[in-house]
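Keep in mind that this is a model prediction, so the values were computed, not measured.
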2 protein chains.
Amino acid sequence: MKKLTEQISEKIKSEGLKVTPQRMAVLKAVYELNNHPTADNILAYVRKENPNVAMGTIYKVLDTLIENKLVKKVTTDNGVMRYDGIMENHHHLYCVECDLIEDYNDKELDKLLTDYFKKKNIKGFKLKNFVLQINGTFNKC
Amino acid sequence: MKKLTEQISEKIKSEGLKVTPQRMAVLKAVYELNNHPTADNILAYVRKENPNVAMGTIYKVLDTLIENKLVKKVTTDNGVMRYDGIMENHHHLYCVECDLIEDYNDKELDKLLTDYFKKKNIKGFKLKNFVLQINGTFNKC
DNA sequence: CTCACTGCAAAGGTTTTGCAGTGGG
DNA sequence: CCCACTGCAAAACCTTTGCAGTGAG
């Protein structure tokens, strides 16, 4: 079992990107803060080990990671962007009360939707992927 | 068949809101610009007939309309908020290329998902509603 | 007269950009 | 030595807020 940092550097390298401490740190932050952090959350996390990283750098690094499909953007109703390191298609539970986003995975649901779109062709539209936004409240709220 | 302006003023009144020219104009804009306009789009549209409306007013009016369930927010990947005047639950086709959002309605899909959630209880979570974000490209892009 | 609503301008927060500096290859 | 990457600061952008003014009831 490889260490996380090693896995991370391999992922970055595998996209043909230069492995830098900032990229390592940002991707590590996205993985470890695994609750769909904001850019600000990531900055704070990264600075714990690397105090002189700039906000601009976080955004630039996130952009390159997104371009290279190592990270995804997640939008929320309040307009603040959040980031997700899980690239497999999955759905999200949004808490209306506390802004928490939790992953939701269910094979049955995926099959249901995939089958639906397989037989249903949306005219004039080429489907790429879909995400179900499931809104509600967590009991703990 | 009633005129649109009349319908609009009735909707506003039915929520117990004072009917003002700005509210009329904003709600009319959302309905007529029916492609999920941004606040800016709405401002431009409203100003064609009502040149001295301020951006701040647009946002304030939108907020009250949202609170009173006459309008919904729609988020996009680029972080700019868009607004939707169709309150019935429905899904959205997002164009990755051109930022166009189109409504997508399908009874079968709704039934599929409603049935799914009826039998599947997500533990620790109280479901309110769900929206399917369907990403892809329109052929015209 | 009162109170909610508006217009304006300023502030706030998030994200982007420009540029000089730097460090690895 | 070069070039991509970084840090910093300023700018751009969208949205919210404060306040004085206004107008309908």
Query raised in the report: When you check every protein heavy atom under 4.0 Å of nucleotides 11-25 of chain D, what one-letter string (B, S, -) results, 5' to 3'?
Result: ---SBBBBB------
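- Annotation: side chain of B/V26 is not in contact with side chain of B/Y83 (no heavy-atom distance under 4.5 Å).
- Between B/L62 atom CG and C/dC5 atom P there is a gap of 15 Å when expressed in whole angstrom units.
- Screening residues 130-141 of chain A for salt bridge (charged side-chain N to carboxylate O under 4.0 Å, His left out), with sequence neighbours left out, gives A/E102-A/K140.
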Could you pull out all donor-acceptor pairs under 3.5 Å where a side-chain atom in residues 27-35 of chain A meets a protein atom, sequence neighbours excluded?
residue: A/Y31; atom: OH; partner: A/K11; partner atom: NZ; Å: 3.3
residue: A/E32; atom: OE1; partner: A/Y45; partner atom: OH; Å: 2.4

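- Atom CE in B/M24 sits roughly 16 Å away from atom C1' in C/dC5 (whole-Å rounding).
- For the pair A/K13 NZ and D/dA4 C1', the computed distance is 17 Å after rounding to whole Å.
- One atom, CD1 of B/I58, and another, P of C/dC8, lie 12 Å apart when rounded to the nearest Å.
- The salt bridge (charged side-chain N to carboxylate O under 4.0 Å, His left out) check on A/K123 picks up nothing, with sequence neighbours excluded.
- When rounded to the nearest whole Å, the span between CG of A/L65 and C1' of D/dT6 equals 14 Å.
- Separating the CD atom of B/E15 from the P atom of C/dC5 is a distance of 14 Å, rounded to the nearest angstrom.
- If you measure from atom CZ of B/R23 to atom P of C/dG7, you get 12 Å, rounded to the nearest angstrom.
- Regarding A/L43, its CG atom lies at a distance of 14 Å from the P atom of D/dT6, rounded to whole Å.
- Not counting sequence neighbours, B/D110 has no partner by the salt bridge (charged side-chain N to carboxylate O under 4.0 Å, His left out) test.
- Contacts classified as salt bridge (charged side-chain N to carboxylate O under 4.0 Å, His left out) and involving residues 54-83 of chain B (residues at least two apart or in different chains) are not found.
- Closest contact between the side chain of A/T20 and the listed nucleotides C/dG7, D/dT6, C/dT6 involves D/dT6.
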